[in-house]
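Worth saying up front: this structure is predicted, and the values here are computed from it rather than measured.
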Amino acid sequence: AERKARVSAASLLRQAKALFSPRLELPFANLPPVFTKATANGPRPVKVEGVGKPPRYKSTIDAVSLLQDGKAELATQDPEAWKTLLLALGAGLRKSEIDNLTWPQIDVRKNLIRVETTTTFSPKSDDSEGEVFVDAGLIRELESYRDKAAGLFVIESTKPPRPKSPVPYYRGEVVYDRLAGWLRMKGILTHKPIHALRREFGSIVCASADVHTASRQLRHADIAVTAAYYLDGRKRVAPPVGAMLETATATPATATK
C-alpha cells in the first residue's frame with residue numbers, strides 16, 4: 001500500500017511539472033520555476049521521489065486449470081466473459097483492445113489477431129498496433145460464436161462505442177466486472193485481474209521462447225519494459241555438470257583430449 005501511494009504521488013508530481021515545460025509552449029510555461037521549496041540558501045527545486053525498479057511479475061496463475069474452468073463454467077453461461085478470458089490470456093490483449101476488437105481483425109487462415117486503428121479505437125501508441133500470433137484452438141473457440149454475432153464487435157454489448165470519450169469508457173464494462181469477480185473466485189486477487197491475464201500471457205510466451213518474442217507479442221515499444229514488468233523468469237539454465245561428468249567418466253580418453 002505504501003509503495004502504491006508513493007508511485008501515485010510521484011506520477012502526479014511529474015505530470016504537474018510537465019505542464020510547465022517550455023516544450024509544450026503553453027502560456028504559462030516560461031514562468032519562473034514554481035516547483036521549488038524555500039531553504040536557508042534560497043529556493044531549491046522540489047525533488048520527485050523515485051520509486052525504484054518495478055516489481056517483476058511472479059506467476060500465481062494455473063493457466064491450464066483456468067482455461068478448463070472457463071470452458072466449463074463460462075462458455076455457455078457467460079460467452080462474453082469467456083471470449084474476454086480467451087483474448088486476455090490467449091492473446092495478451094489489453095481491455096481496451098478487447099472492447100473494440102471486431103471480427104474482421106481475426107485472421108482465421110493465418111491464426112492472427114490484428115490490433116489496429118479503427119473508426120472506434122486508437123491504440124495506446126504506434127507500437128501497440130501489430131499482429132498477435134495465437135493458437136489455432138483459440139481461433140476455433142472464437143469462431144464458434146461468429147455466426148451468432150449480432151454485430152461487428154467480438155464482445156457484444158448494448159452500450160455504443162465512444163471513441164472520443166474524455167474518460168475511460170468500455171462498452172463491455174458489465175462483462176469485465178463479471179469476469180473480474182470470477183477470476184477473484186479462482187484466486188487471482190490482484191487489483192486488475194484481467195490485466196494479470198495479459199501478464200501471464202507474456203510470461204508463458206517468454207518461458208516457451210524468449211523475451212524478444214514476448215516483447216513482439218505484447219507489442220511493447222521497448223524490450224526493457226517487457227523484461228522489467230511483465231515476465232516471470234521461470235527459465236532456469238545452468239551448465240549440465242552431471243551430464244559432463246558422466247561423459248567424462250564414460251570416455252576418459254576423449255575427455256583428456
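- Remark: the backbone N or O of F133 is paired with a side-chain donor or acceptor of Q217 at under 3.5 angstrom.
- The main-chain N or O of A63 is never found under 3.5 Å from a side-chain atom of E200 such that the two would form a donor-acceptor pair.
- Looking at E141 and K71, their side chains come closer than 4.5 Å, going by heavy atoms from C-beta outward.
- Counting heavy atoms from C-beta on, the side chains of L189 and T60 never come closer than 4.5 Å.
- Heavy-atom minimum distance, V108 versus R146: CG2-NH2, 4.1 Å.
- Looking at D210 and T213, their side chains do bring a donor and an acceptor atom within 3.5 Å of each other.
- Proximity of E97 to R219: side-chain heavy atoms (C-beta onward) are separated by under 4.5 Å at one or more points.
- With respect to R140 and E143, no salt bridge is recorded, no charged nitrogen being found less than 4.0 Å from a carboxylate O.
- Using modelled atom types, one side-chain atom of E129 and one backbone atom of T117 make a donor-acceptor pair closer than 3.5 Å.
- The local environment of CG in D126 is sparse, with at most 12 non-hydrogen atoms from other residues, nucleotides or ligands closer than 6.0 Å.
- Salt-bridge check for R178 with E80: failed, with every basic side-chain N at 4.0 Å or more from each acidic carboxylate O.
- Between the side chains of S8 and S11, no donor N or O sits under 3.5 Å from an acceptor N or O.
- A donor-acceptor distance shorter than 3.5 angstrom exists from the side chain of S157 to the backbone of R171, with no hydrogens or angles considered.
- Residues K95 and H195 fail the side-chain proximity criterion, which asks for heavy atoms closer than 4.5 Å.
- In this structure, K159 places its NZ atom where more than 12 heavy-atom neighbours from other residues, nucleotides or ligands lie under 6.0 Å away.
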